[in-house]
K.L.:
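What follows is a structure written as structure tokens; I'll ask about it next.
Count residues from 1 along the sequence. In this text, all values refer to a predicted model and were calculated from it rather than measured experimentally. As a basis for the values below, the full set of heavy atoms in this structure was taken, side chains included, without hydrogen atoms, waters or symmetry mates.
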Amino acid sequence: MERVHGEGEADRLERPDPITEGEREILQDSWAKVYQTCDDVGVAILIRLFVNFPSSKQYFSQFQHMEEPEELERSAQLRKHARRVMNAINTLVENLHDSEKLVSVLKLVGKAHALRHKVEPVYFKILSGVILEVLGEEFPEVVTPEVAAAWAKLLATVYWHITGVYEEVGWTQLSSSAV
């Protein structure tokens with residue numbers, strides 16, 4: 001994605017192309033397989049995020065002191081947040097046909113993370129990469145290059161909407177040197 005420069009407006013990421021009907025089917029079919037083990041997959045995603053990007057733990061007081069992946073894996077709070085992340089993804093995938101619902105969900109997520117949790121938006125981009133990586137490793141038979149491309153497009157769309165929400169609420173810095 002590139003930044004778009006318009007006359008009189010701030011830098012804005014270029015909006016990804018709309019998800020096609022074929023991509024919707026790919027996303028929903030692959031997600032049905034992933035969601036069967038959503039608790040374990042969600043935990044694997046968050047552990048990978050925290051291990052590979054330790055600065056992301058700054059937003060989670062209950063995880064900040066945990067260094068070992070095994071300790072993170074045993075955390076009830078981590079499991080609870082992993083479930084929330086997976087349920088949010090599930091809501092998105094279930095509503096790919098309903099753009100108003102998608103925008104509504106992403107506005108709620110974006111506002112909560114910008115205003116309440118003060119999470120820098122770059123972490124959504126980082127999390128997107130971690131999700132793609134973990135899904136590809138955990139489900140190699142499901143996540144073909146075509147499936148990976150559909151997920152990359154969905155996650156780019158999510159990031160585009162989230163950064164838009166951050167801009168709406170007055171978040172001034174959309175890039176980070178924290179990573």
Side-chain angles (χ1 to χ4, degrees), residues 1-4 6 9-46 48-49 56 59-60 77-136 138-139 142-144 146-171 174:
M1 262 185 288
E2 299 174 15
R3 290 219 171 252
V4 176
E9 56 183 71
D11 283 355
R12 181 76 169 108
L13 293 173
E14 186 178 324
R15 184 179 192 147
D17 290 333
I19 292 171
T20 66
E21 189 57 41
E23 289 165 333
R24 274 188 208 105
E25 288 176 21
I26 287 170
L27 290 163
Q28 289 169 334
D29 289 348
S30 61
W31 183 249
K33 294 172 180 104
V34 170
Y35 200 63
Q36 291 173 5
T37 58
C38 72
D39 289 340
D40 292 337
V41 175
V43 168
I45 288 168
L46 289 185
R48 178 78 54 93
L49 175 69
S56 62
Y59 302 107
F60 298 90
Q77 293 96 342
L78 183 129
R79 289 191 165 280
K80 184 178 176 185
H81 192 70
R83 171 57 83 136
R84 274 210 289 303
V85 170
M86 297 304 278
N87 284 340
I89 295 170
N90 190 58
T91 299
L92 294 175
V93 172
E94 284 182 345
N95 291 285
L96 287 171
H97 62 283
D98 184 349
S99 60
E100 286 182 24
K101 175 74 173 179
L102 290 177
V103 169
S104 171
V105 168
L106 293 172
K107 277 191 175 191
L108 287 172
V109 170
K111 283 182 179 176
H113 284 80
L115 300 174
R116 189 172 340 129
H117 307 300
K118 310 281 192 244
V119 174
E120 291 184 54
V122 70
Y123 286 101
F124 283 94
K125 188 175 205 84
I126 292 166
L127 181 60
S128 295
V130 170
I131 289 169
L132 287 171
E133 194 175 272
V134 170
L135 292 182
E138 297 286 325
F139 301 92
V142 173
V143 184
T144 63
E146 183 182 33
V147 170
W151 275 99
K153 189 174 183 180
L154 173 61
L155 293 168
T157 301
V158 167
Y159 183 67
W160 186 85
H161 281 286
I162 293 289
T163 57
V165 172
Y166 271 68
E167 289 175 6
E168 281 177 28
V169 300
W171 192 275
L174 282 179

K.L.:
So, using side-chain contact (heavy atoms from CB on, under 4.5 Å) as the criterion, who are the partners of R48 when residues are at least two apart?
P.N.:
N52, V130, E133, V134, E137
K.L.:
I'd like to check the ring pair (Phe, Tyr, Trp, His ring centres under 6.0 Å) partners of W151; sequence neighbours left out, ordered by chain and number.
P.N.:
W31
K.L.:
Suppose we screen for side-chain contact (heavy atoms from CB on, under 4.5 Å). Which residues come up paired with Q77, at least two apart in sequence or across chains?
P.N.:
Q62, F63, S75
K.L.:
With sequence neighbours left out, write down each residue that passes salt bridge (Lys or Arg N to Asp or Glu O under 4.0 Å) with R24, or none if nothing qualifies.
P.N.:
E21
K.L.:
Going by salt bridge (charged side-chain N to carboxylate O under 4.0 Å, His left out), name the pairs with one or both residues in residues 85-100, residues two or more places apart or in two chains.
P.N.:
none
K.L.:
Quick one: which residue pairs count as a ring-ring contact (aromatic ring centres under 6.0 Å, His included) with a foot in residues 78-102, not counting sequence neighbours?
P.N.:
F60-H81
K.L.:
L102: what forms a side-chain contact (heavy atoms from CB on, under 4.5 Å) with it, not counting sequence neighbours?
P.N.:
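In terms of side-chain contact (heavy atoms from CB on, under 4.5 Å), with neighbours along the sequence ignored, L102 is linked to L92, N95, L96.
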K.L.:
With sequence neighbours left out, write down each residue that passes side-chain hydrogen bond (donor to acceptor under 3.5 Å, both in side chains) with Q28, or none if nothing qualifies.
P.N.:
none
K.L.:
Can you list, pair by pair, the side-chain donor-acceptor contacts under 3.5 Å of residues 111-118, counting residues two or more places apart and other chains?
P.N.:
| unit_1 | atom_1 | unit_2 | atom_2 | d |
| --- | --- | --- | --- | --- |
| H113 | ND1 | V109 | O | 2.8 |
| K118 | NZ | L115 | O | 2.6 |

K.L.:
Going by salt bridge (Lys or Arg N to Asp or Glu O under 4.0 Å), name the residues that satisfy it together with D39, two or more places apart in sequence or in a different chain.
P.N.:
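If we apply the salt bridge (Lys or Arg N to Asp or Glu O under 4.0 Å) test to D39, skipping adjacent residues, the hits are R83.
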K.L.:
Could you pull out all residues at least two apart from T144 that satisfy side-chain contact (heavy atoms from CB on, under 4.5 Å)?
P.N.:
E146, V147
K.L.:
By ring pair (Phe, Tyr, Trp, His ring centres under 6.0 Å), which residues pair with F139, not counting sequence neighbours?
P.N.:
none
